[in-house]
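Worksheet: the structure to be examined is printed underneath.
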Amino acid sequence: ESGTDLHDEL
Amino acid sequence: MNIFRLLGDLSHLIAIIILLHKIWHSRSCAGISGKSQVLFALVYTSRYLDLITTYVSLYNTLMKIFFLASSYATIYLIYVKFRATYDKNHDTFRIEFLILPSVLLALLINHQFSFLEVLWTFSIYLESVAILPQLFMVSKTGEAESITSHYFEYHYDLIAIVAGVVQTVLYCDFFYLYITKVLKGKKLQLPA
């Protein structure tokens with residue numbers, strides 16, 4: 001999983 | 001969303017509100033490193049570009065907009081509105097020494113070599129060291145205003161973990177300086 005997949009994280 | 005993330009988000013939100021409130025009511029930004037605030041604005045800007053590309057939830061969108069807007073508002077207060085109170089002679093950390101290595105590291109160590117992913121990685125690296133100008137300033141002056149807090153989530157991500165460890169060490173140093181210099185009022189003084 002890449003960082004930009006974590007859209008729900010701030 | 002879990003309780004830890006919510007508490008982390010809310011702590012962050014409150015820290016920013018306290019900082020802005022304090023600057024506004026004291027009409028002063030003495031003790032605050034403008035350079036650290038510029039770095040935080042850079043962190044949010046490079047991380048939240050997905051505001052344009054991806055919609056997650058109203059909460060997510062509002063928080064991202066708040067973090068972006070408040071970091072630019074803080075910069076405005078420091079460099080424009082209350083410029084006269086900004087202690088720029090003590091805010092002398094060379095931020096290019098943080099930005100350039102973060103850019104280089106993000107280009108070399110990332111999950112995927114794409115524009116948004118490299119910027120996201122850059123923001124994680126930069127966030128871990130963005131407090132350094134503030135730390136440097138406190139170590140010089142022995143003064144501190146409010147401290148903004150940042151956090152990471154328990155997602156197994158080596159990049160975030162290493163950056164988080166570095167950040168924790170730096171914040172421990174900040175805590176140490178706060179106790180020894182600010183609370184105990186010990187200032188380093190040069191002989192006359």
Side-chain angles (χ1 to χ4, degrees), chain A, chain B residues 1-2 4-13 16 43-44 46-68 106 109-125 127 150-161 163:
Chain A
E1 194 172 30
S2 74
T4 40
D5 289 334
L6 308 170
H7 292 292
D8 68 320
E9 295 195 4
L10 298 167
Chain B
M1 175 61 69
N2 64 47
F4 297 106
R5 275 188 39 201
L6 185 66
L7 288 175
D9 291 354
L10 293 181
S11 307
H12 195 176
L13 194 77
I16 291 171
V43 165
Y44 297 135
S46 51
R47 190 176 308 165
Y48 295 157
L49 286 175
D50 64 354
L51 263 177
I52 308 159
T53 60
T54 315
Y55 178 78
V56 182
S57 64
L58 186 63
Y59 170 81
N60 186 270
T61 300
L62 289 179
M63 290 295 264
K64 284 176 176 171
I65 290 173
F66 177 82
F67 288 158
L68 277 169
I109 305 172
N110 52 59
H111 291 300
Q112 182 192 321
F113 196 76
S114 70
F115 182 68
L116 282 182
E117 186 67 26
V118 169
L119 277 178
W120 178 88
T121 312
F122 164 72
S123 82
I124 297 289
Y125 293 146
E127 184 181 3
H150 294 266
Y151 66 93
F152 285 107
E153 138 109 345
Y154 280 109
H155 169 74
Y156 191 79
D157 182 324
L158 216 55
I159 288 174
I161 289 172

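Chain naming here is simple, since letters A, B, ... match the order of the sequence lines and numbering starts at 1 in each. Heavy-atom basis, side chains included; hydrogens, waters and symmetry copies ignored.
Rounded to the nearest 0.5 angstrom, B:K64 NZ and A:E9 CD are separated by 9.5 Å.
A:D8 has its side chain within reach of B:R5: a pair of non-hydrogen atoms, C-beta onward, lies under 4.5 Å apart.
At a 4.5 Å heavy-atom cutoff, B:Y55 makes no contact with chain A through either its backbone or its side chain. For B:T121, no part lies near chain A; criterion is any non-hydrogen pair under 4.5 Å.
With sequence neighbours excluded, the residues that form a side-chain hydrogen bond (donor to acceptor under 3.5 Å, both in side chains) with B:Y59 are B:D9.
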